[in-house]
Amino acid sequence: MKPRVLKSESPEFKKFLAAIVARRGSDSAGIDSVVSKIIADVRKRGDRALIDLTAKFDHVKLTAKTLRVTPAERQSAINRIPPVDRRALELAAERIAEFHRRTMEKSFIYRDKAGMRLGQMVQPMRRVGIYVPGGLGAYPSSVLMNAIPAKVAGVAEVVMVSPPSSEGERLAVLAAAEIAGVDEFYRVGGAHAVAALAYGTETIKPVDKIVGPGNSFVQAAKRMVYGVTDIDKMAGPSEVLVIADDRANPQWIAADLIAQAEHGSGDEAAVLLTPSESIANRVAEAVETSLKTLPRAHQVEAALAKRGAMVVVNDLNEAFDLANQIGPEHLELDVRNPSRWLPKVKAAGAVFLGPLTPAPLGDYLAGPNHVLPTGGAARFASALGAYDFLKRTSIIEASTGAIAELGPTVAHLARMEGFEGHARAMELRNGVGDGKPRRAGNRNAKTQGQRAK
């Protein structure tokens, strides 16, 4: 299969672009109906529902005792994986922690010119849940990327859920949980795991926030429990958009497009934007050649047929305009002096500068998080970070002078909105409250301030 090559001014490309942008919304009514029943079942039957649903969907028989992975089992997994695997996980963990320590917000307090002390108290959440997908593979990188920022933020209890495998324990996932400092680990996945984290069961206590990627049922469950608990974002299929000039290496670009298209859902997006028709055609040929020996060629072909294309644009400025319209999860800049073009980027989950920086580097151990906004959400959302596990509490302390200066205006604004009680509560602090109603415009705020003084 040779990927399509389109020109940005063609009707075919406009249709393709519309399909890419349309990924931001989908009809989930059928999924929602199923998920709502699962959530209700977990709320009603607790652990029993988790055990029954795990047997149904994952074909694994659990008991109340085997729901939880013990610390001894996690420690044993570290000793059972190959030493080279352990070193790789530990290196990734170190780099992820180092980066996320730099993203921490700090508390602050100051006194303004009116004499008020104002500030913000930043504290970690107490208990958070991380969801790690299972399915056909094992994803220890997802464990590290979700758990480590929470631990860096100071979260006291990090609770992990991940569906069990009928083929046995995923030792790399267990080992990653131990390396990342996970406090509790449960063998449960799907919408029922999200429900357990949100509402709690006999074994699993509820959490303050749920983070981590998952399938459409997991995402629907996260959306439904929002408000009972916080969630990170609605993650979707993986995406990469490469902007390349005429000096780019076609084989490298082809490899990067394939890398993001091989996740297996069939909804991944892999797009090249280039002003060079020669590069576009050579990349398409390189993809076709590489697929002949790729283990997951069938999945990649399905994804590329749906949301893959080599697009010839008029110039790099047009390429960046289109990239901002698409808002990709991963944006690779394979152009001369990529840093010069960085200010043109307005919507991307992560930007990879230069030909030596493919998206897989960020997927595993560059340091920044690989939990990124997808489906165009990069227009308003950000990568997961330690800041996502922090609460912010405002601090306000007034003085006599501040009340004298600002109180009359507060009372005036309250009456503008029809809240006489607010106004009186403020005026009592100024010694001018007499309990009589006033209209918002009957007394100049400046005059009130002078009388208060």
Side-chain angles (χ1 to χ4, degrees), residues 28 30-71 73-74 76-77 80-81 129-143 146-147 158-178 180 182 184-207 210-225 231 235-237 263-267 296 299:
S28 61
I31 292 176
D32 286 358
S33 176
V34 173
V35 170
S36 64
K37 292 177 181 178
I38 290 173
I39 292 174
D41 190 20
V42 173
R43 294 187 69 182
K44 181 179 180 180
R45 297 197 297 132
D47 284 353
R48 188 69 254 168
L50 297 183
I51 292 168
D52 291 346
L53 291 166
T54 299
K56 177 180 179 179
F57 294 119
D58 300 304
H59 311 293
V60 175
K61 293 183 179 180
L62 298 175
T63 66
K65 290 185 177 180
T66 58
L67 271 175
R68 182 168 181 171
V69 179
T70 67
E73 288 173 315
R74 291 172 3 209
S76 173
R80 291 170 63 190
I81 63 173
I130 67 170
Y131 187 96
V132 176
L136 299 176
Y139 303 103
S141 63
S142 288
V143 179
N146 284 276
V158 175
V159 185
M160 175 175 156
V161 294
S162 186
S165 171
S166 58
E167 298 178 357
E169 299 286 9
R170 298 182 177 95
L171 293 180
V173 172
L174 269 66
E178 187 68 11
V182 168
E184 300 171 27
F185 181 0
Y186 298 95
R187 296 180 176 94
V188 60
H192 42 298
V194 174
L197 289 174
Y199 293 101
T201 69
E202 297 92 331
T203 299
I204 303 175
K205 297 178 182 178
V207 300
I210 303 171
V211 304
N215 62 22
S216 56
F217 291 88
V218 170
Q219 297 306 314
K222 286 171 67 177
R223 176 164 42 81
M224 290 182 187
V225 302
I231 65 169
H263 284 267
S265 75
D267 288 321
R296 295 188 179 184
Q299 291 98 321

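Everything numeric here is computed off the predicted structure, so don't read it as measured data.
T203 pairs by the side-chain contact (heavy atoms from CB on, under 4.5 Å) definition with D47, L67, Y186, T201, not counting sequence neighbours. By the salt bridge (charged side-chain N to carboxylate O under 4.0 Å, His left out) test, E169 is found to be paired with R187, residues two or more places apart in sequence or in another chain being considered. Every residue two or more places apart in sequence or in another chain that forms a salt bridge (charged side-chain N to carboxylate O under 4.0 Å, His left out) with R45 is listed here: D41, D52. Residues passing the side-chain contact (heavy atoms from CB on, under 4.5 Å) test with A195 are I39, V42, sequence neighbours excluded. Residues that satisfy the side-chain contact (heavy atoms from CB on, under 4.5 Å) test with S216, not counting sequence neighbours, are I31. Residues forming a side-chain hydrogen bond (donor to acceptor under 3.5 Å, both in side chains) with T63 (at least two apart in sequence, or on another chain): T66. Shown here are the side-chain contact (heavy atoms from CB on, under 4.5 Å) partners of S162, two or more places apart in sequence or in another chain: V132, M160, F185.
Contact of the L50 side chain with the I204 side chain is registered, since non-hydrogen atoms from C-beta on lie closer than 4.5 Å. Residues P213 and N146 are in side-chain contact: their nearest non-hydrogen atoms beyond the backbone lie under 4.5 Å apart. A 4.5 Å side-chain heavy-atom check between Y139 and P133 finds at least one atom pair inside the cut-off. For the pair V218 and N215, the minimum side-chain heavy-atom distance is below 4.5 Å. Considering only heavy atoms from C-beta on, I231 stays 4.5 Å or farther from Y131 through its side chain. Counting only heavy atoms from C-beta outward, the side chains of H192 and T54 approach each other to under 4.5 Å.
Judged by distance alone, the side chains of E73 and S76 never bring a donor and an acceptor atom under 3.5 Å apart.
With rounding to the nearest 0.5 angstrom, the CZ atom of R74 is 9.0 Å from the CD atom of E184. Here the CD1-CG distance, from I81 to L171, works out to 8.0 Å after rounding to the nearest 0.5 Å. A distance of 13.0 Å separates NZ of K65 from OG1 of T70, quoted to the nearest 0.5 Å. Atoms OG and NE2, from S165 and H59 in turn, are 11.0 Å apart once rounded to the nearest 0.5 Å.
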Go through the steps for V159 and K205 under the test side-chain contact (heavy atoms from CB on, under 4.5 Å), then give the verdict. CA-CA 9 Å; V159 185; K205 297 178 182 178; over 6 Å; no

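Sorted by first and then second residue, the salt bridge (charged side-chain N to carboxylate O under 4.0 Å, His left out) pairs involving residues 193-202 (not counting sequence neighbours) form an empty list.
Nearest heavy atoms, A193 versus V161: CB-CG2, 4.0 Å. Pairing each heavy atom of I130 with each of V143, the nearest pair is CD1-O, 4.2 Å. Shown here for L174 and A77, the closest heavy-atom pair between the two residues is CB-CB, 3.5 Å. In this structure, A64 and I51 approach most closely via the heavy-atom pair N-CD1, 3.7 Å.
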